[in-house]
Protein chains: 2
Amino acid sequence: MHPLVQLLPASAVDDPDVLAAYRHDRASFCPSGTPAVLVRARSTEEVSTALRWAHEHGVPVVPQGARTGLSGAANALDGCVLLCLEKMDEIVEIDVAEQLAVVRPGVLNGRLAAAVAEQGLYYPPDPGSMEISTIGGNVATNAGGMCCVKYGVTGDFVRGLEVVLADGRVMRTGRRTAKGVAGYDLTSLFVGSEGTLGVITEVTLALRPATRRPLTAVAFFPGPADACRAVAAYLGEGHRPSVLEFMDAETVRAVSALVELGFPPDVGGVLIAQSDAGAAAAEELAAFERAALDCKAGEVVVADDPAEGELLMQARRLVGPAHEALGTSLVDDVCVPRGRLADLVDGLDEIAAEHGVRITCAGHAGDGNMHPSVIFDDKDPAQVEAAQAAFAAVMDLGLRLGGTITGEHGVGVLKRDWLARELDEAALWTHRRLKESLDPRGILNPGRVFTRTVGGGG
Amino acid sequence: MHPLVQLLPASAVDDPDVLAAYRHDRASFCPSGTPAVLVRARSTEEVSTALRWAHEHGVPVVPQGARTGLSGAANALDGCVLLCLEKMDEIVEIDVAEQLAVVRPGVLNGRLAAAVAEQGLYYPPDPGSMEISTIGGNVATNAGGMCCVKYGVTGDFVRGLEVVLADGRVMRTGRRTAKGVAGYDLTSLFVGSEGTLGVITEVTLALRPATRRPLTAVAFFPGPADACRAVAAYLGEGHRPSVLEFMDAETVRAVSALVELGFPPDVGGVLIAQSDAGAAAAEELAAFERAALDCKAGEVVVADDPAEGELLMQARRLVGPAHEALGTSLVDDVCVPRGRLADLVDGLDEIAAEHGVRITCAGHAGDGNMHPSVIFDDKDPAQVEAAQAAFAAVMDLGLRLGGTITGEHGVGVLKRDWLARELDEAALWTHRRLKESLDPRGILNPGRVFTRTVGGGG
């Protein structure tokens with residue numbers, strides 16, 4: 001029996017059949033090892049006990065939420081403690097007057113969003129996985145979503161954390177107040193750190209007042225680059241839509257196979273825009289229509305009927321399942337300046353041709369954050385190799401366009417080697433020093449985000 | 001001749017008369033030592049040279065902008081290198097299409113705000129010092145201002161930094177894109193670190209589209225706690241004013257000595273509200289009026305004339321000079337949940353009575369961030385002692401109300417001992433570990449924010 005099963009009999013298991021179900025997240029091509037034990041922690045104390053034991057024995061710990069991530073950061077390592085937070089799923093408090101919520105990490109994003117909506121409040125961050133991903137995982141990856149173009153990402157809503165450090169000590173960061181500058185911004189350091197610095201056991205989140213019912217518009221373009229140019233032109237004029245999403249032709253076809261969209265048959269690129277600006281929403285979408293028509297849109301439709309708007313949003317949310325239906329897909333997550341989006345989609349065509357693969361593309365165009373998906377047959381080794389090469393070429397293109405290798409999915413295992421391409425030597429050195437300072441034995445999700453090989457001065 | 005004068009003859013001076021002018025910021029009761037040399041750096045390379053030398057020789061370095069801070073963080077230490085960034089004052093780039101600016105640290109906040117406004121853009125963070133404080137200093141302290149209630153603080157607008165590390169190496173953090181999660185959020189770690197982790201030599205800032213001309217309203221209350229209750233009630237209903245500022249009776253009297261306000265003579269507390277919500281602004285201020293009247297406001301005036309609105313804002317901006325005219329003042333900066341603001345101002349009366357001092361209060365009530373000022377005669381040792389005791393009692397009250405000791409001014413020297421009251425043991429340990437990891441020789445602004453005495457495990 002694993003020692004943690006003795007220490008935490010109600011929460012720890014070492015049955016291989018149970019362990020197998022917790023071995024990996026939703027990333028492609030990321031190895032997952034064989035864990036020694038699974039702890040489904042029910043309290044901060046249990047997390048602390050597990051970490052104290054692991055720290056003492058130098059055993060790696062892989063924290064995980066609902067394993068919906070796309071970069072392999074939650075995959076098991078051989079002999080590790082899988083520390084799953086999904087059972088810590090209490091909404092501790094919703095404070096309507098102060099517009100904040102305190103939640104445990106295992107609360108599903110969609111459940112929190114619904115709970116605060118019932119009280120007239122709004123929790124904006126809405127990753128595609130929102131119905132199945134946890135707030136803890138959202139915080140650990142600094143998850144984005146469709147709302148970010150107007151409201152920001154998960155980290156923008158995190159006011160404070162309870163974190164269990166590598167050695168099992170419990171720390172509070174941040175505050176409940178609207179502002180605060182007492183000491184370093186430890187909260188932001190843990191947001192997006194993908195389980196490598198500590199384990200998040202409570203989150204204090206800022207909320208917003210509920211927004212007005214949005215108006216929705218859809219624009220149809222002859223080609224994807226036209227749509228991208230419309231994004232840059234529209235936002236460059238100073239408009240603040242609450243949603244601005246892109247789908248290419250292949251994505252539209254794939255989604256149409258799941259739901260009847262009634263889109264024109266020969267469309268080359270689609271933008272979906274929403275505005276929740278109340279009285280100004282119609283004006284904001286009129287400006288969208290003008291920008292789209294200036295960029296060769298053949299048609300722009302403003303949905304009069306909220307149900308029609310909801311259908312468009314549903315279509316966008318079906319992109320993931322639609323791509324999955326096309327074959328195995330390797331989903332990228334580059335983010336570029338909006339003015340370079342057209343160059344990005346043009347470059348995808350070249351990469352697809354060069355590597356002999358299919359690449360579809362959809363994404364949060366308003367933020368410059370695109371999800372090109374390489375679609376391939378994972379039974380064919382040549383295609384697998386070509387897909388991986390194309391995936392790398394997309395990241396390379398994103399960097400050359402002044403962008404980043406990951407806008408919202410995180411680095412994990414999938415992009416670890418690429419992080420060293422994006423960051424300079426001093427920034428990599430800083431990552432390693434920070435990691436070493438807070439996790440001197442290197443037990444927390446080791447080998448994720450970056451490797452620990454020490455370089456640089458010091 | 002100081003060695004740095006030889007290494008950087010165009011920028012470094014060791015003339016004691018020149019040094020004297022750079023010895024301290026605007027904090028009261030913070031010691032300042034005698035610096036060995038002043039480097040008014042003109043480039044990243046010069047900053048790097050100065051740090052490399054200081055690192056090699058173990059000499060403390062105090063970075064400073066325009067020395068407008070209120071916590072002593074920019075004060076000289078004996079024998080230190082004063083590293084002043086005010087000459088690095090280039091606006092490198094304003095990218096209208098991407099809505100961002102790249103600036104050197106010495107650019108004055110007001111100059112940047114005006115420059116981007118000319119291009120139809122908006123840089124919201126507006127500390128009271130905006131005409132005389134630098135962006136570098138704003139970033140190093142994570143400065144706030146009046147806009148924060150709607151738009152957020154300095155850190156919310158910082159996308160990336162160029163930082164010179166303790167040993168002189170140059171590092172880039174962050175990105176130009178709207179989103180990005182490649183590695184740890186190093187940018188946020190340096191924001192608000194008050195010169196203790198590195199020296200900021202370039203800042204990439206997000207901008208917003210210009211807002212609409214605001215509407216302004218002012219409400220007059222019988223007592224300060226009534227005004228505070230109106231703040232909590234109004235914001236608790238979900239309104240998003242762009243300004244919501246408080247002044248107590250004594251502040252109103254002091255400001256009235258500088259400018260004719262025409263306020264009722266017996267007012268006990270004033271709120272100034274603005275809304276820049278365009279078509280919804282009138283509705284937002286009507287809700288403010290209702291909330292104020294419900295909380296015993298005797299009168300609420302909505303300024304029809306923009307000049308009238310500007311006069312009200314000018315009155316608020318004169319609070320600092322007005323308090324200075326009353327005597328020596330020790331300005332506090334506590335931030336509490338909005339629902340506790342009334343308890344805060346009631347508590348100030350008790351503290352003033354108990355310690356036999358005058359305390360005036362004004363602040364960013366919408367954020368719960370108040371600036372109680374202890375007014376005293378610094379020639380009278382008994383008053384000095386009483387003022388310091390009262391200042392401490394205000395922080396203690398802020399903490400007891402679930403708040404923080406500093407909402408926007410920073411810790412520096414003034415509140416260093418109080419940081420240890422606000423943070424738990426593990427958080428203090430984390431501060432020390434991070435500091436040690438990035439500045440192993442402890443040369444960067446040593447003794448500011450926290451002391452280096454090692455506590456806790458690790």
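Within every chain, numbering begins at 1; the chains are lettered A, B, ... in the order of the sequence lines, protein sequences first and strands thereafter. All values derive from a computational prediction rather than experimental measurement.
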Run the side-chain hydrogen bond (donor to acceptor under 3.5 Å, both in side chains) test on B/Tyr184 and A/Ser188 for me, step by step, so that the C-alpha distance in whole Å, both residues' side-chain angles and the decisive distance to 0.1 Å come before the verdict. CA-CA 9 Å; B/Tyr184 298 156; A/Ser188 295; over 6 Å; no
Where the side chain of B/Arg176 meets the backbone of A/Pro337, is there a donor-acceptor pair that is under 3.5 Å apart? no
Is B/Glu283 atom CD crowded by more than 12 heavy atoms from other residues, nucleotides or ligands, each under 6.0 Å away? no
Side chains of A/Arg240 and B/Pro209: closer than 4.5 Å at any heavy-atom pair? yes
Considering only heavy atoms and a distance below 4.5 Å, find which of A/Leu419, A/Leu165, A/Thr430 pairs most often with chain B. A/Thr430
Heavy-atom proximity to chain B below 4.5 Å, by part of A/Thr173: neither
Count the heavy-atom pairs under 4.5 Å between each of B/Gly339, B/Gly183, B/Gly366, B/Gly192 and chain A, then report the option with the highest count. B/Gly183
Any donor and acceptor pair, going by atom type alone, linking the side chain of B/Glu408 with main-chain N or O of A/Val181 inside 3.5 Å? no
Side-chain contact, heavy-atom cut-off 4.5 Å: A/His431 with B/Leu186? yes
Would you check if B/Leu189 and A/Leu434 make a side-chain contact, meaning some heavy-atom pair closer than 4.5 Å? yes
Is there side-chain contact between A/Asp185 and B/Val191, with at least one heavy-atom pair below 4.5 Å? no
Walk me through it: do A/Glu422 and B/Arg172 pass the test side chain to side chain contact (heavy atoms under 4.5 Å, CB included)? CA-CA 10 Å; A/Glu422 179 161 339; B/Arg172 289 212 156 261; over 6 Å; no
Against chain A, label B/Ser193 side chain, backbone, both or neither, depending on which of its atoms sit under 4.5 Å from a heavy atom there. both
Choice from B/Leu235, B/Thr406, B/Val336 maximising heavy atom contacts with chain A below 4.5 Å: B/Thr406
Report yes if some heavy atom in the side chain of A/His364 is under 4.5 Å from a heavy atom in the side chain of B/Lys179; otherwise report no. yes
Given a strict heavy-atom distance threshold of 4.5 Å, which part of A/Arg448 is in contact with chain B: side chain, backbone, both, or neither? neither
At a heavy-atom separation under 4.5 Å, does A/Asp367 approach chain B through its side chain, its backbone, both, or neither? both
Between B/Asn369, B/Val153, B/Asp95, B/Ile405, which shows the greatest number of heavy-atom pairs under 4.5 Å with chain A? B/Asn369
For the candidates A/Arg441, A/Lys415, A/Arg338, which exhibits the highest count of non-hydrogen atom pairs separated by less than 4.5 Å from chain B? A/Arg338
Output the option from A/Val149, A/Leu428, A/Leu197, A/Val170 having the highest count of non-hydrogen pairs under 4.5 Å with chain B. A/Leu197
Region of B/Thr141 that comes under 4.5 Å of a non-hydrogen atom in chain A: backbone
Proximal component of B/Asn142, with respect to chain A [non-hydrogen, under 4.5 Å]: both
Taking the side chain as every heavy atom from C-beta outward, state whether A/Trp429 and B/Arg169 have any pair of such atoms under 4.5 Å apart. yes
Among A/Val96, A/Asp156, A/Leu121, A/Thr196, who wins on heavy-atom pairs under 4.5 Å with chain B? A/Thr196
Can you tell which part of A/Val334 gets under 4.5 Å to a heavy atom of chain B, answering side chain, backbone, both or neither? neither
Given that the side chain runs from C-beta out, which part of B/Arg416 has a heavy atom under 4.5 Å from chain A: side chain, backbone, both or neither? neither
With a 3.5 Å distance limit and no angle check, can you tell me whether B/Arg433 reaches the backbone of A/Leu438 through a side-chain donor-acceptor pair? no
Between A/Cys335, A/Gly410, A/Gly236, A/Gly238, which residue shows the highest count of heavy-atom pairs closer than 4.5 Å to chain B? A/Cys335
Which atoms of B/Glu98 come close to chain A, meaning under 4.5 Å heavy atom to heavy atom: side chain ones, backbone ones, both, or neither? both
Okay, B/Leu207 and chain A: the region with an atom under 4.5 Å from a heavy atom over there is neither
Under 4.5 Å from any heavy atom of chain A - which part of B/Arg175: neither
Taken in chain and number order and not counting sequence neighbours, the residues that satisfy side chain to side chain contact (heavy atoms under 4.5 Å, CB included) with B/Ser71 are B/Ala73, B/Glu194, B/Leu414
The interface call for B/Ala279 against chain A, heavy-atom contacts under 4.5 Å, is side chain
Where on B/Arg421 is there a heavy atom nearer than 4.5 Å to chain A: the side chain, the backbone, both, or neither? neither
